[in-house]
Trainee: 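Got a structure for you, questions after.
The analysis underlying the following values was restricted to heavy atoms, covering all of them including side chains, and did not include hydrogens, waters or symmetry mates. Chain identifiers are assigned alphabetically (A, B, ...) following the order of the sequence lines, protein sequences preceding nucleic acid strands; residue numbering begins at 1 within each chain.
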Amino acid sequence: MDVERVVNEQMELISMGTVEIIPLDELREKIRRSVETSKPLTVKLGVDPTRPDLHLGHSVPLTKLRHFQQLGHQVVLIIGDFTALIGDPSEQDETRPVLTPEDVERNARTYVEQASKIIDTKTARIVRNSEWLAPLSFGDVIELASKFTVARIMERDDFSRRLKENKPLGLHEFLYPLMQAYDSVALDADVEIGGTDQKFNLLAGRNLQRSLGKSPQCIITLPLLVGTDGVQKMSKSLFNDIGLTDSPDEMFGKVMSIPDEVMWDYYALVSGLSPREIEDIKSGVEDGEINPRDAKERLAIEIVTRYHGEKEARAAASEFKRIFRERKIPSEVPVYYLDLGDRQGRRVWIVDLLVRVNFAATRSEARRLIAEGGISVDGELVEDVNMEIDPEELKGKIIQKGRRKFVKVEHK
RNA sequence: GGGGGAGUGCCCGAGUGGUUAAAGGGGGCGGACUGUAAAUCCGUUGGCGCAGCCUACGCAGGUUCGAAUCCUGCCUCCCCCA
């Protein structure tokens, strides 16, 4: 077997889509040794269960973990149940609210399930870092903390920025990189993966391992996926996320809503296509041979296929076309069951109806919607705020709000 | 422990006694346009069966014909010194 060739092949897949590999030649050396001795590398990815759902941004490092898995390495997914209690201060402008152990536990469970859509959870090691972090004594922590200097911790610009801007910075937050670093020590990690925002924490692991006389890990950073707004990084709290558990239609639509320019990031990071295929599509668009919309549609299909299967992806694509391109009513419209019991045959006031079907939170809002020309009944624009409809007449009618919200009224 | 500063609508933020339901921006919603749920432009954005009324500027009182704006107490947060 040609060792050099295998090493090259592994390195090619591993480096695909990465931002940095530190240090590159050291990783190469580790791979070579692994190939020669047939001993898999231990590759670590930590995720803090701070929120109940994973989104497409999380899938970027998970996909990289999958690559290592494909190459036969031992991947370890760390559920940061202990670290989540502190909250990673990386890129945060403020101290995170503290989660209760119950929150963490609930989130942790769904994380593993969602991660299984990307990595093979049967061969991966899935561990919780409370396993080794919780038993540490205060003395142990002080001992570990002595391996870091304040100046080094303050190198992090998110820390120094917060200090400069007179924003609070909790002492406990200083310990976060320390804990993550200790994960690497506890697992004897050879490689750790993370987003570019994790660079400091990843390097902390490398340094701590070295301080404790262990072989230091290599680190791989990956780009942060921008959210559907095309500007900020994907984050549930910014409402620009595409959740891994989003329905096919929702997922498809959200992908279609990203600005054209960022679709190439998505292609590279979460489409699952090879660099060559992506390049073909990209040059096709640049030459004007492929309509950008079709390229984006292809992307959306690829992504939905990954999480829901091809059949669902196709269905989502045609549904999208139906609603947005042809401006038709979706094939399935939610139904609102009008309760006639207490109405005694009285007519239904449109404003009241809009609130009942949840198109408006208040009657004032409903009035505004009508004034803005955003409401129609069976395709007919509602102009009169005082419109009243006979319940019998209303049966089976479709109320539309804006372009894409529909509800059908039926009798209970 | 001492001193200083701040709390305004979903968010940021202007406003220091009188058309102030409160400038401006962001976000949301609607409309136009579009290959698109993108970009851009326009409108709208406290509640109430609403040409009127009610509730609002941390909380509770007070001064005044009239307060987000002045006074008192309380709560919360931040900064500096120790």
Trainee: Do any pairs count as a salt bridge (Lys or Arg N to Asp or Glu O under 4.0 Å) and have a residue in residues 59-77 of chain A, sequence neighbours left out, and if so which ones?
Mentor: none
Trainee: Show me, pair by pair, the donor-acceptor contacts under 3.5 angstrom made by side chains of residues 124-140 of chain A, not counting sequence neighbours?
Mentor:
from	atom 1	to	atom 2	distance (Å)
A:Arg128	NH1	A:Glu105	OE1	2.8
A:Arg128	NH1	A:Glu105	OE2	3.3
A:Asn129	OD1	A:Asp81	N	3.4
A:Asn129	OD1	A:Phe82	N	3.0
A:Asn129	ND2	A:Thr83	OG1	3.0
A:Asn129	ND2	A:Asp183	OD2	3.2
A:Ser130	OG	A:Asp81	OD1	3.3
A:Ser130	OG	A:Asp81	OD2	2.5
A:Trp132	NE1	A:Asp183	OD1	2.7
A:Ser137	OG	A:Gly139	N	3.3
A:Ser137	OG	A:Asp140	N	3.0
A:Ser137	OG	A:Asp140	OD2	3.2
A:Asp140	OD2	A:Ser137	N	2.8

Trainee: Can you tell me if A:Ser364 touches the phosphate of B:rC48, counting only side-chain N or O atoms and a distance under 4.0 Å to OP1 or OP2?
Mentor: yes
Trainee: Distance check needed: B:rG35 P versus A:Asn291 CG, whole Å only.
Mentor: 9 Å
Trainee: I need the CZ-P distance between A:Arg293 and B:rC33, as an integer number of Å.
Mentor: 18 Å
Trainee: Got a list of side-chain donor-acceptor pairs under 3.5 Å for residues 255-272 of chain A, not counting sequence neighbours?
Mentor:
from	atom 1	to	atom 2	distance (Å)
A:Ser257	OG	A:Lys254	O	2.8
A:Asp260	OD1	A:Lys296	NZ	2.9
A:Tyr266	OH	A:Val226	O	2.7
A:Tyr267	OH	A:Ala295	O	2.6
A:Tyr267	OH	A:Leu299	N	3.3
A:Ser271	OG	A:Tyr267	O	2.5
A:Ser271	OG	A:Leu273	N	3.0

Trainee: For A:Leu354 and B:rU44, give me the distance from atom CG to atom P, rounded to whole Å.
Mentor: 20 Å
Trainee: Can you run down the salt bridge (Lys or Arg N to Asp or Glu O under 4.0 Å) pairs that involve residues 311-321 of chain A, sequence neighbours left out, and say none if there aren't any?
Mentor: A:Glu310-A:Arg314
Trainee: On RNA chain B, nearest-nucleotide positions of A:Met387 versus A:Ser257: which is more 5'?
Mentor: A:Ser257
Trainee: Between N or O atoms, less than 3.5 Å apart, protein on one side and nucleotides 53-57 of chain B on the other: list the pairs.
Mentor:
none

Trainee: Applying side-chain contact (heavy atoms from CB on, under 4.5 Å), run through A:Thr110 and A:Arg106 and close with a yes or a no.
Mentor: CA-CA 7 Å; A:Thr110 62; A:Arg106 183 162 18 83; 5.6 Å; no
Trainee: A:Pro61 and side-chain contact (heavy atoms from CB on, under 4.5 Å): which single residue from A:Ile193, A:Leu77, A:Ile118, A:Val47 fits?
Mentor: A:Ile193
Trainee: Would you kindly give the NZ-to-C1' distance between A:Lys321 and B:rU34, to the nearest whole Å?
Mentor: 17 Å
Trainee: Could you give the distance separating B:rA60 and B:rG7 at their C1' atoms, to the nearest angstrom?
Mentor: 16 Å
Trainee: Once you apply a heavy-atom cut-off of 4.0 Å, does A:Glu388 come out as touching a base, just sugar-phosphate, or nothing?
Mentor: base
Trainee: For the residue pair A:Gln69 and A:Asp120, confirm or rule out a side-chain donor-acceptor distance under 3.5 Å.
Mentor: no
Trainee: State whether a side-chain donor-acceptor pair under 3.5 Å links A:His73 with A:Gln10.
Mentor: yes
Trainee: Does the pair A:Arg363 and A:Trp349 meet the rule for a side-chain contact (heavy atoms from CB on, under 4.5 Å), with working shown?
Mentor: CA-CA 11 Å; A:Arg363 290 184 169 181; A:Trp349 182 31; 3.6 Å; yes
Trainee: If the C1' atom of B:rG46 is compared with that of B:rA68, how far apart are they to the nearest Å?
Mentor: 16 Å
Trainee: When you measure from the side-chain N and O atoms of A:Thr362 to the phosphate of B:rC48, is any distance below 4.0 Å, counting only OP1 and OP2?
Mentor: yes
Trainee: Check whether the side chains of A:Thr362 and A:Arg368 place a donor and an acceptor atom closer than 3.5 Å, and report yes or no.
Mentor: no
Trainee: Answer with yes or no whether A:Arg363 presents, from its side chain, a donor or acceptor under 3.5 Å of a partner atom in the base of B:rC48.
Mentor: no
Trainee: Roughly how many Å apart are B:rC57 and B:rC11, using the C1' atom of each and rounding to a whole number?
Mentor: 15 Å
Trainee: Could you state the CG-P distance from A:Asp229 to B:rU36, rounded to the nearest angstrom?
Mentor: 21 Å
Trainee: Tell me: CD1 of A:Ile258 to C1' of B:rA39, nearest whole Å?
Mentor: 14 Å
Trainee: Rounding to an integer number of Å, can you tell me how far A:Glu261 CD sits from B:rA38 P?
Mentor: 12 Å
Trainee: Return all side-chain donor-acceptor pairs below 3.5 angstrom for residues 202-217 of chain A, not counting sequence neighbours, or 'none' if the list is empty.
Mentor:
from	atom 1	to	atom 2	distance (Å)
A:Arg206	NH1	A:Glu26	OE2	3.0
A:Arg206	NH1	A:Gln217	O	2.9
A:Arg206	NH2	A:Glu26	OE1	3.2
A:Asn207	OD1	A:Arg210	NH2	3.2
A:Asn207	ND2	A:Leu203	O	3.3
A:Gln209	OE1	A:Gln217	N	2.6
A:Gln209	NE2	A:Ser184	O	3.3
A:Gln209	NE2	A:Ala189	O	3.1
A:Ser211	OG	A:Asn207	O	3.0
A:Lys214	NZ	A:Asp188	OD1	3.3
A:Gln217	OE1	A:Ser184	OG	2.9
A:Gln217	NE2	A:Ser184	OG	3.3
A:Gln217	NE2	A:Glu192	OE1	3.0
A:Gln217	NE2	A:Leu202	O	3.0

Trainee: Which letter, B, S or -, goes with each nucleotide of nucleotides 20-30 of chain B from 5' to 3', with contact meaning a protein heavy atom under 4.0 Å?
Mentor: ---------SS
Trainee: Considering residues at least two apart in sequence or located in another chain, which fulfil the salt bridge (Lys or Arg N to Asp or Glu O under 4.0 Å) criterion with A:Lys395?
Mentor: none
Trainee: Can you give me every donor-acceptor pair (side chain of residues 378-387 of chain A, partner residue at least two apart or in another chain, under 3.5 Å) with its distance?
Mentor:
from	atom 1	to	atom 2	distance (Å)
A:Asp378	OD1	A:Ile398	N	2.9
A:Asp384	OD1	A:Asn386	N	2.9

Trainee: Of all the base pairs, Watson-Crick or G-U under 3.5 Å, which form stems of three or more consecutive pairs involving RNA chain B?
Mentor: B:1-7 with B:75-81, B:10-12 with B:24-26, B:27-32 with B:40-45, B:46-48 with B:52-54, B:58-62 with B:70-74
Trainee: Which residues in residues 296-312 of chain A have a heavy atom closer than 4.0 Å to any atom of RNA chain B?
Mentor: A:Lys296
Trainee: For nucleotides B:rC10 and B:rG3, find the distance between their P atoms and express it as a whole number of Å.
Mentor: 37 Å
Trainee: Please report the distance separating the P of B:rG17 from the corresponding atom of B:rG27, rounded so that it comes out in whole Å.
Mentor: 34 Å
Trainee: Can you tell me, in whole Å, how much space there is between the P of B:rU44 and that of B:rA23?
Mentor: 12 Å
Trainee: For residues 278-294 of chain A, dump all side-chain donor-acceptor pairs below 3.5 Å to protein atoms at least two apart in sequence or in another chain.
Mentor:
from	atom 1	to	atom 2	distance (Å)
A:Ser283	OG	A:Glu279	O	3.1
A:Ser283	OG	A:Asp280	O	3.2
A:Asn291	OD1	A:Arg293	N	2.8

